[in-house]
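Notes follow once the structure below has been shown.
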Amino acid sequence: MENLHDGTTVLTVTPPATAADDTGSGDAGTAGHGTAVACTAVGSRAGTDSGPRSAVRAVPLEVAASLRARTRGLLGRDGIDGAILLTPANSVHTFRMRFPIDVAYLSRDFRVLAVRTMRPGRLGLPRFRARHVLEAEAGAMREWGLVRGGRVRIG
């Protein structure tokens with residue numbers, strides 16, 4: 001597990017190329033507001049760089065582990081600074097939402113099963129292998145390098 005210098009917990013995003021090397025599994029635990037997300041992206045998707053690159057940054061993370069918190073999710077908000085982890089969850093909807101979101105469906109061991117962008121007023125199909133759902137504003141997950149086959153870890 002990795003902590004930022006100020007002692008906050010981090011969520012690490014591992015791209016598929018290096019995901020096989022990561023043997024640890026994350027645990028959402030009882031974390032809540034104030035947790036941070038550190039996103040690590042290795043390599044270049046465009047292929048224009050001559051070598052691998054790594055960038056780590058911290059963004060806020062909320063964990064919605066209770067039924068009430070999962071039900072509320074991002075409803076009634078004008079945006080989110082960072083991400084929210086719904087656990088346990090395997091589907092989401094965007095009815096009554098005010099902005100489009102990125103949705104990452106995560107397996108029990110926090111491997112990314114799928115990443116989708118959803119406009120308001122949509123119903124996402126359930127992912128039966130998913131145990132957690134990570135939500136952020138549309139475009140954020142692409143910026144973080146979160147893709148299918150990658151892995152996230154809370155630690």
Side-chain angles (χ1 to χ4, degrees), residues 1-2 4 8-19 22 24-46 55-155:
M1 288 190 192
E2 189 176 343
L4 297 176
T8 56
T9 307
V10 297
L11 173 88
T12 306
V13 176
T14 306
T18 60
D22 185 16
S25 65
D27 184 7
T30 59
H33 298 286
T35 306
V37 179
C39 300
T40 306
V42 180
S44 172
R45 304 213 25 91
V56 177
R57 63 182 250 185
V59 294
L61 174 71
E62 297 174 33
V63 177
S66 71
L67 177 61
R68 184 176 184 178
R70 288 191 312 270
T71 302
R72 172 114 199 249
L74 297 175
L75 296 177
R77 298 188 192 188
D78 291 324
I80 182 170
D81 184 28
I84 185 170
L85 179 70
L86 307 175
T87 183
N90 68 357
S91 67
V92 297
H93 69 83
T94 58
F95 298 119
R96 298 185 304 150
M97 294 209 44
R98 299 177 181 165
F99 59 98
I101 60 171
D102 282 346
V103 177
Y105 296 92
L106 309 175
S107 66
R108 179 173 280 122
D109 64 347
F110 291 89
R111 187 157 315 272
V112 178
L113 301 174
V115 179
R116 300 285 181 260
T117 300
M118 295 177 65
R119 295 186 317 234
R122 302 289 187 234
L123 177 64
L125 295 174
R127 303 282 175 160
F128 295 108
R129 290 181 27 222
R131 295 296 177 261
H132 317 280
V133 175
L134 188 66
E135 297 179 345
E137 285 196 30
M141 292 185 186
R142 182 178 318 153
E143 182 180 317
W144 300 339
L146 189 67
V147 294
R148 181 177 181 212
R151 179 178 232 155
V152 296
R153 186 178 56 193
I154 297 175

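Atom-to-atom distance recorded for Arg77:CZ and Ile84:CD1 is 5.0 Å, nearest 0.5 angstrom. Remark: Leu123 CG to Met118 CE distance equals 6.5 Å, nearest 0.5 Å.
Under the rule for a side chain to side chain contact (heavy atoms under 4.5 Å, CB included), the partners of Ser91 that lie at least two apart in sequence or sit in another chain are Pro126. In this view, Leu125 satisfies the side chain to side chain contact (heavy atoms under 4.5 Å, CB included) rule with no residue, not counting sequence neighbours. The ring-ring contact (aromatic ring centres under 6.0 Å, His included) search around Phe95 returns His93, not counting sequence neighbours. Under the side-chain hydrogen bond (donor to acceptor under 3.5 Å, both in side chains) criterion, Ser107 pairs with Asp109, sequence neighbours left out. Residues meeting the salt bridge (Lys or Arg N to Asp or Glu O under 4.0 Å) test with Arg116, sequence neighbours left out: none. Partners of Ala89 by side chain to side chain contact (heavy atoms under 4.5 Å, CB included), not counting sequence neighbours, listed by chain and number: Leu86, Val133. Among residues two or more places apart in sequence or in another chain, the side-chain hydrogen bond (donor to acceptor under 3.5 Å, both in side chains) test is passed with Asn90 by none. In this view, Arg98 and Asp78 satisfy the side-chain hydrogen bond (donor to acceptor under 3.5 Å, both in side chains) rule, not counting sequence neighbours. Residues forming a side chain to side chain contact (heavy atoms under 4.5 Å, CB included) with Pro100 (at least two apart in sequence, or on another chain): Pro120, Ala138.
By the 4.5 Å heavy-atom criterion applied to side chains, Leu134 and Leu61 are counted as neighbours. Proximity of Leu85 to Phe110: side-chain heavy atoms (C-beta onward) are separated by under 4.5 Å at one or more points. The shortest distance between side-chain heavy atoms of Leu106 and Val112 falls below 4.5 Å.
The salt bridge (Lys or Arg N to Asp or Glu O under 4.0 Å) analysis of residues 63-74, with sequence neighbours excluded, yields no pairs. Applying the salt bridge (Lys or Arg N to Asp or Glu O under 4.0 Å) rule to pairs touching residues 128-142 yields nothing, sequence neighbours excluded.
Between Trp144 and Ala83, the closest heavy-atom pair is CH2-CB, 3.7 Å. Here the closest non-hydrogen pair linking Ala104 and Leu146 is CB-CD2, 3.7 Å. The shortest non-hydrogen separation linking Ala65 to Pro88 is O-CD, 4.5 Å.
With hydrogens and angles ignored, the 3.5 Å screen pairs no side-chain donor or acceptor of Thr94 with any backbone N or O of Met97.
Annotation: cation-pi geometry satisfied between Arg127 and Tyr105 (NZ/CZ under 6.0 angstrom from ring centroid, within 45° of ring axis).
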Candidate pair Val103 and Val115, rule side chain to side chain contact (heavy atoms under 4.5 Å, CB included), full reasoning: CA-CA 6 Å; Val103 177; Val115 179; over 6 Å; no
